[in-house]
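This report concerns only the one structure given below.
FYI, side chains are in, hydrogens and waters are out, and symmetry mates aren't considered; it's all heavy atoms of this structure. Residue numbers begin at 1 in each chain, while the letters A, B, ... track the order of the sequences.
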Amino acid sequence: MLDIKYIRDHVDLIKQAATDKHVRCDVDRLVVVDADRRRVRQELDALRTKSREGGETIGQLRNPKSKLRKEAAEAGRSDADIETEVDGLQSELNKIKTLIKPLEEQDRQVVEEFDTLMWTIPQPPAPEVPVGKDDTENVEIRRVGTVPQFNFELKDHVDLGERLGILDIERGVKLSGSRNYTLKGAGALMYQAVLRLAMDRMIDRGFTPMHVPVLVREEVMYGTGYFPTGRDQAYLCERDEMSLVGTAEVPLTAFHSGEILSEDDLPIKMVAVSPCFRREAGAAGKDTRGLYRIHLFDKVEQVIICKNDEETSKQFHEEIVANAEGLLQELELPYRVVNVCTGDLGQGQVQKFDIETWIHATVMAKRIRHRGSTNFRRDDSSCVTKGRIARRGIVIRSTTR
RNA sequence: GGAGAGGUGGCUGAGCGGCUGAAAGCACCGGUUUGCUAAACCGGCGUACUGGUAUAAAGCCGGUACCGGGGGUUCGAAUCCCCCCCUCUCCGCCA
């Protein structure tokens with residue numbers, strides 16, 4: 001969520017961002033509601049001031065030791081006279097109270113609409129982000145590695161995995177429905193190995209390894225911007241008012257929420273491997289063969305909390321991309337990095353680089369346009385900068401020295 | 001699931017119907033003093049929203065809300081009442 005002050009001052013920029021990102025939001029309405037909200041608040045404040053001041057006067061008149069009471073007595077006023085004044089004041093304040101009630105209700109309504117609108121406002125993309133309608137218009141930045149050539153027809157990971165007895169999709173589906181699978185033997189081990197390798201490399205680069213909850217409270221989902229928009233994509237455990245996260249980014253970024261950090265402690269670099277749960281709602285029919293768009297996978301997530309400064313965060317963003325690339329290079333997997341265009345950028349995202357990995361020759365043309373993944377590593381490797389300008393969901397403050 | 005304890009500012013911790021946005025201490029910031037550091041002393045020190053004013057910024061003056069959350073009583077609530085949430089301890093149950 002952006003700061004309303006920023007939105008007020010940059011209406012056109014926000015509108016442009018909405019257009020570019022294909023986000024539907026009514027900025028004009030927001031501006032109106034914002035004005036309403038302030039107007040109502042002002043009226044309310046004025047009444048509350050009166051009410052408070054009157055109340056204080058009553059308190060003092062009632063108190064025989066107060067200055068006001070003594071002054072009244074010195075002015076020759078009788079106790080009964082003062083009592084009458086107090087009674088008058090009380091009924092007057094009661095009247096004010098009846099005015100305050102409906103205004104408070106109005107305030108609630110306005111604020112509710114205001115908040116609803118605020119959640120839809122997109123974060124403007126960074127200037128380097130290409131404008132485009134969807135993932136087909138992402139811009140390739142670089143290609144690394146050579147795609148191997150074979151003089152025979154390649155089998156895909158499903159054929160290979162099942163033939164080797166390390167992948168069993170059918171039984172996964174039996175247990176949990178479509179988009180589920182099982183790994184066994186070397187498959188299960190390789191899965192662990194790749195995750196561990198990624199963890200080790202990030203730890204080498206100064207990240208603190210973390211283990212975090214993947215079932216989190218509602219407010220955490222809101223705080224990280226996944227709710228309300230992403231609600232459809234999350235598995236909800238409604239009885240307990242908790243949700244399964246779709247990425248460790250959620251608990252990691254919320255880790256310091258509400259805290260005041262010393263700037264001396266920044267940057268904070270964290271890495272975690274965690275299960276990721278995704279309903280893939282609305283994806284029916286897409287990517288149905290193979291381990292794509294599955295409901296559960298593990299992912300290694302890098303999160304850096306740094307100074308709230310564009311230049312700094314950009315620099316760390318690049319570092320994260322480089323780290324992810326390093327891993328692919330080590331695994332000798334050819335890949336390309338794309339600058340994700342506005343239309344493919346999330347509502348709260350400022351800039352994102354996807355790293356798309358070569359899977360195998362026969363599907364490359366198609367796959368490379370999607371988020372890449374290897375057979376066993378279901379990591380979409382997108383690197384995102386979030387929260388540049390006054391991100392209000394999670395408030396992490398820092399002190400400056 | 002049962003029983004109890006508790007949730008107040010960055011922290012510790014008072015307050016238990018008006019003079020409390022909140023004592024005191026610690027921490028922090030500015031200053032004085034001082035071989036250096038420390039100590040001592042003086043001053044400052046919450047957040048959000050909002051009005052005014054000013055600006056390159058900062059700021060300054062004012063208002064409102066906030067003592068876990070929501071509702072109620074009252075002219076007036078951190079303080080009284082109700083509901084909820086959270087944390088902790090003990091017991092029970094248990095993949």
Side-chain angles (χ1 to χ4, degrees), chain A residues 1-9 30-72 82-118 175-176 213-223 237-243 251 254 256-266 268 275 308-310 389-401:
Chain A
M1 207 193 240
L2 287 172
D3 191 336
I4 182 62
K5 284 178 199 149
Y6 182 85
I7 297 172
R8 280 204 287 263
D9 294 343
L30 177 65
V31 171
V32 171
V33 172
D34 174 45
D36 271 359
R37 167 184 144 263
R38 285 187 287 165
R39 200 202 69 236
V40 171
R41 198 54 75 81
Q42 273 172 51
E43 286 175 28
L44 197 53
D45 283 357
L47 286 175
R48 280 174 172 160
T49 306
K50 266 199 215 167
S51 165
R52 197 210 69 220
E53 285 171 348
E56 269 170 23
T57 309
I58 291 174
Q60 288 185 34
L61 286 177
R62 283 251 176 91
N63 181 354
K65 280 183 277 186
S66 80
K67 216 170 98 191
L68 196 69
R69 176 62 179 258
K70 281 182 183 158
E71 278 170 7
I82 291 171
E83 259 319 301
T84 315
E85 184 183 342
V86 167
D87 287 347
L89 255 176
Q90 276 190 13
S91 61
E92 192 184 319
L93 292 177
N94 272 325
K95 255 181 247 159
I96 291 179
K97 251 211 302 201
T98 63
L99 295 175
I100 288 179
K101 277 267 154 62
L103 258 183
E104 280 178 338
E105 179 52 34
Q106 206 181 331
D107 179 66
R108 250 192 298 277
Q109 282 171 14
V110 171
V111 168
E112 195 187 323
E113 185 179 359
F114 176 78
D115 285 343
T116 308
L117 288 166
M118 283 293 280
L175 294 170
S176 305
V214 292
L215 186 60
V216 301
R217 295 190 165 132
E218 294 264 293
E219 67 225 54
V220 176
M221 293 301 278
Y222 277 98
C237 302
E238 285 173 297
R239 186 169 69 171
D240 300 295
E241 292 177 316
M242 306 265 259
S243 300
H256 287 291
S257 65
E259 297 178 21
I260 298 180
L261 306 173
S262 164
E263 208 164 281
D264 295 344
D265 297 330
L266 301 179
I268 295 172
N308 183 11
D309 167 84
E310 266 182 63
I389 304 146
R391 183 133 181 270
R392 307 299 291 255
I394 302 186
V395 182
I396 302 175
R397 292 171 287 171
S398 65
T399 54
T400 314
R401 284 189 75 86

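Closest-nucleotide positions on RNA chain B for A/N94 and A/D45 were compared, and the one nearer the 5' end corresponds to A/D45. Comparing A/G54 and A/G59 by the nucleotide of RNA chain B whose heavy atom lies nearest to each, the residue mapping closer to the 5' end is A/G59.
Each of A/V216, A/V220, A/L215 was evaluated against A/M242; a single residue qualifies, A/L215, per the side chain to side chain contact (heavy atoms under 4.5 Å, CB included) test. Between A/R48 and the options A/E43, A/E104, A/E53, a side chain to side chain donor-acceptor pair (under 3.5 Å) holds for only A/E104.
Atom-to-atom, CD of A/Q90 to C1' of B/G17 comes out at 14 Å; the value is rounded to the nearest Å. In this structure, the CZ atom of A/R62 is 16 Å from the C1' atom of B/C19, given to the nearest Å. Taking atom CD on A/E43 and atom P on B/G63, their separation rounds to 19 Å, with Å as the unit.
When both distances must be under 3.5 Å, the Watson-Crick or G-U wobble mate of B/A38 does not exist. Across all strands shown, B/A56 forms no Watson-Crick or G-U wobble pair with both distances under 3.5 Å. In this entry B/G51 has B/C61 as its Watson-Crick or G-U wobble partner, both defining distances falling under 3.5 Å. The nucleotide B/G17 finds no pairing partner, because no Watson-Crick or G-U wobble arrangement with both distances shorter than 3.5 Å includes it. In this structure, B/G4 forms a base pair with B/C88, meeting either the Watson-Crick or the G-U wobble geometry with both donor-acceptor distances under 3.5 Å. The partner of B/A77 cannot be assigned: no Watson-Crick or G-U wobble pair with both contacts below 3.5 Å exists in any strand. Applying the Watson-Crick and G-U wobble criteria (two distances, each under 3.5 Å), B/C66 pairs with B/G46. For B/U12, the paired nucleotide is B/A24, the pair qualifying as Watson-Crick or G-U wobble because both relevant distances are below 3.5 Å.
By the 4.0 Å N-to-carboxylate-O rule, A/E112 lies too far from A/R108 to be salt-bridged with it. By the 4.0 Å N-to-carboxylate-O rule, A/R38 lies close enough to A/D34 to be salt-bridged with it.
B/G13 and B/A78 are spaced 14 Å apart, taking the C1' atom of each and rounding to whole Å. Between B/A65 and B/G70, the two P atoms lie 14 Å apart (nearest whole Å). Taking the P atoms as reference points, B/A22 lies 13 Å from B/G44, given to the whole Å. Rounded to whole Å, the separation between the C1' atoms of B/G43 and B/U47 comes to 23 Å. On the C1' atoms, B/U37 is 32 Å away from B/G46, given to the nearest whole Å. For the P atoms, the distance from B/G25 to B/C88 is 32 Å, rounded to whole Å. Only the C1' atoms considered, B/G31 is 14 Å distant from B/C45, to the nearest whole Å. Comparing B/G68 with B/G10, their P atoms sit 13 Å apart, to the nearest whole Å.
When each of B/C19, B/G51, B/G18 is scored by its nearest atom to the side-chain atoms of A/N63, the top-ranked nucleotide is B/C19. Checked against B/U50, B/U87, B/G18, the side chain of A/R217 finds its nearest nucleotide in B/U87. Of the candidates B/G72, B/C19, B/U50, the closest approach to any side-chain atom of A/K101 belongs to B/G72. The side chain of A/R37 approaches B/U50 more closely than any other nucleotide in the set B/G71, B/U50, B/G76. When the nucleotides B/G63, B/G51, B/G18 are ranked by their closest atom to the side chain of A/R38, B/G51 comes out on top. In the set B/U64, B/G71, B/U74, the nucleotide with an atom closest to the side chain of A/R48 is B/U64.
Here CG of A/L47 is found 6.0 Å from CG of A/L99. Values are rounded to the nearest 0.5 Å. Between atom CD of residue A/Q106 and atom CG of residue A/D36 there is a gap of 8.0 Å, rounded to the nearest 0.5 Å.
Contacts of A/L89 with the nucleic acid, taken as non-hydrogen atoms under 4.0 Å apart, are absent. Residue contacts shown for A/R52 are limited to sugar-phosphate atoms, with no base heavy atom under 4.0 Å away. Note on A/R39: nothing from the nucleic acid sits closer than 4.0 angstrom, heavy atoms only. As judged by a 4.0 angstrom heavy-atom cut-off over every strand, A/K5 is placed among residues touching the sugar-phosphate backbone only. A/R8 comes within 4.0 angstrom of the backbone, heavy atoms only, and of no base.
For the residue pair A/I82 and A/A72, the shortest heavy atom distance occurs at CD1-CB, 3.8 Å.
At B/C75, none of the side-chain N or O atoms of A/K95 fall inside 4.0 Å of OP1 or OP2 (strictly under the cut-off).
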